[in-house]
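Note: hydrogens, waters and symmetry copies are ignored here, and every other heavy atom, side chains too, is used.
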Amino acid sequence: MKLEFNIKGGNFSRAGHASSEVKKMLKQLGIDARCIKSIVIALYEGEVNVVAHAYEGRILVQMEPHKITTEIMDKGPGIADIELAMQEGYSTASKAVREMGFGAGMGLANMKKNTDELTIESTVGEGTTVKMVNYF
């Protein structure tokens with residue numbers, strides 16, 4: 001089963017839509033609640049990162065019998081130093097984003113904590129691709 005979602009940068013009113021839809025699907029499939037929670041947390045963090053930092057993005061979700069692969073691709077400023085960005089509390093979010101309650105610098109760290117496999121590729125000035133795999 002495949003799902004696809006488009007994300008518009010700056011549209012915080014829609015942030016969380018994809019993760020909510022994936023959560024519904026996983027519940028219908030009878031996936032363990034702890035697994036669902038981890039998958040949804042990681043996906044939500046990625047979704048918010050696109051909304052907060054990029055111009056636009058796309059999420060592809062691929063369900064297989066014992067795993068879910070999520071790929072988040074965005075067009076945006078990219079990440080100059082992925083290792084630094086992975087540190088809890090590090091954030092490049094704007095003041096406006098932080099005032100809305102986002103941009104605490106936990107996004108990538110939470111994604112890593114809640115996935116079995118995480119890869120990040122980024123080109124400054126072009127965008128970022130995040131691939132997450134969860135097994136269940």
Side-chain angles (χ1 to χ4, degrees):
M1 177 183 301
K2 294 181 182 181
L3 297 173
E4 183 174 337
F5 304 92
N6 292 311
I7 305 168
K8 184 177 178 187
N11 188 356
F12 286 92
S13 66
R14 296 279 296 165
H17 172 73
S19 53
S20 178
E21 290 299 310
V22 169
K23 181 179 181 178
K24 287 179 200 174
M25 179 194 66
L26 294 172
K27 282 184 174 183
Q28 290 173 352
L29 293 173
I31 305 300
D32 177 75
R34 285 175 287 147
C35 291
I36 292 173
K37 182 178 179 182
S38 292
I39 293 164
V40 170
I41 287 170
L43 179 53
Y44 177 79
E45 293 287 8
E47 204 173 344
V48 169
N49 279 350
V50 173
V51 171
H53 299 286
Y55 315 118
E56 64 182 0
R58 189 170 64 147
I59 296 173
L60 301 175
V61 179
Q62 173 73 41
M63 286 289 304
E64 297 178 52
H66 297 287
K67 78 175 183 177
I68 182 171
T69 303
T70 306
E71 195 168 6
I72 304 170
M73 299 148 289
D74 74 42
K75 293 180 183 176
I79 302 171
D81 186 335
I82 293 171
E83 189 175 321
L84 179 61
M86 292 295 297
Q87 294 180 17
E88 290 184 10
Y90 178 80
S91 178
T92 59
S94 69
K95 182 179 177 183
V97 168
R98 291 178 192 210
E99 287 174 351
M100 286 187 280
F102 300 99
M106 297 302 295
L108 293 177
N110 278 338
M111 291 164 76
K112 184 176 181 177
K113 286 179 189 174
N114 286 285
T115 56
D116 296 310
E117 297 174 17
L118 175 71
T119 57
I120 302 172
E121 296 177 2
S122 191
T123 303
V124 174
E126 292 183 22
T128 302
T129 297
V130 175
K131 184 176 178 182
M132 301 179 286
V133 179
N134 288 77
Y135 298 95
F136 44 86

dist H53:NE2 -> S91:OG (nearest 0.5 Å) comes out at 5.5 Å

Going through the distances and angles, do L118 and M86 end up as a side-chain contact (heavy atoms from CB on, under 4.5 Å)?
CA-CA 11 Å; L118 175 71; M86 292 295 297; 3.9 Å; yes

Between V51 and F102, is the side-chain contact (heavy atoms from CB on, under 4.5 Å) condition met? List the steps.
CA-CA 10 Å; V51 171; F102 300 99; over 6 Å; no

Within one Ile-Leu-Val-Met-Phe-Trp-Tyr cluster: I82 and I72, side-chain cutoff 4.5 Å:
yes

Value rounded to 0.5 Å, distance of CZ in F5 from OG1 in T70
9.5 Å

Does any non-hydrogen side-chain atom of E71 lie less than 4.5 Å from one of T129?
yes

Given 3.5 Å as the limit, does a donor-acceptor pair link the side chain of T115 with the main chain of M111, or not?
yes

Side-chain donor/acceptor of S19 to backbone N/O of L43, under 3.5 Å
no

Looking at K113 and E88, does any basic side-chain N land under 4.0 Å from a carboxylate oxygen?
yes

For the pair N134 (side chain) and I68 (backbone), establish whether a donor and an acceptor sit closer than 3.5 Å, ignoring hydrogens and angles.
no

Look at the side-chain heavy atoms of Ile, Leu, Val, Met, Phe, Trp and Tyr, link any pair under 4.5 Å apart, and say whether I59 and I41 land in one connected group.
no

If I take atom CE from residue M1 and atom CD from residue E64, how far apart are they, to the nearest 0.5 angstrom?
12.5 Å

Hey, mind stepping through V50 and E47 against side-chain contact (heavy atoms from CB on, under 4.5 Å) and telling me if it holds?
CA-CA 5 Å; V50 173; E47 204 173 344; over 6 Å; no

Looking only at heavy atoms, the pair that brings N114 and A42 closest together is CB-CB, 4.1 Å

Between S38 and C35, is there a donor-acceptor pair closer than 3.5 Å when you use the side chain of the first and the backbone of the second?
no

Atom OH of Y135 and atom CG of D116: how far apart are they, to the nearest 0.5 Å?
7.0 Å

Measure the shortest side-chain to side-chain distance between T119 and E117 over non-hydrogen atoms and say whether it is less than 4.5 angstrom.
no

Output the distance between atom NZ (K23) and atom OH (Y44), rounded to the nearest 0.5 Å.
12.0 Å

Measure across A15 and V48 and return the closest heavy-atom pair with its distance rounded to 0.1 Å.
CB-CG2, 4.2 Å

Does A54 offer a backbone N or O that forms a donor-acceptor pair with the side chain of D74 under 3.5 Å?
no

Do L3 and M73 share a hydrophobic cluster (ILVMFWY, side-chain heavy atoms under 4.5 Å, transitive)?
no

Test of understanding: clusters of I, L, V, M, F, W, Y form through side-chain heavy atoms closer than 4.5 Å, transitively. Do L29 and I39 belong to the same one?
yes

Grouping I, L, V, M, F, W and Y whenever their side-chain heavy atoms are under 4.5 Å apart, do V61 and V133 come out in a common cluster?
no

Check step by step if side-chain contact (heavy atoms from CB on, under 4.5 Å) holds for V97 and F12.
CA-CA 9 Å; V97 168; F12 286 92; 3.9 Å; yes

Whether R98 side chain and A93 backbone form a donor-acceptor pair below 3.5 Å:
yes

Should we count CD of E4 as having more than 12 external heavy atoms under 6.0 Å?
yes

Could you pull out the closest heavy-atom pair between M25 and M63, with the gap in Å?
CE-CG, 3.4 Å

With rounding to the nearest 0.5 Å, note down the distance linking NZ in K131 to OG1 in T69.
6.0 Å

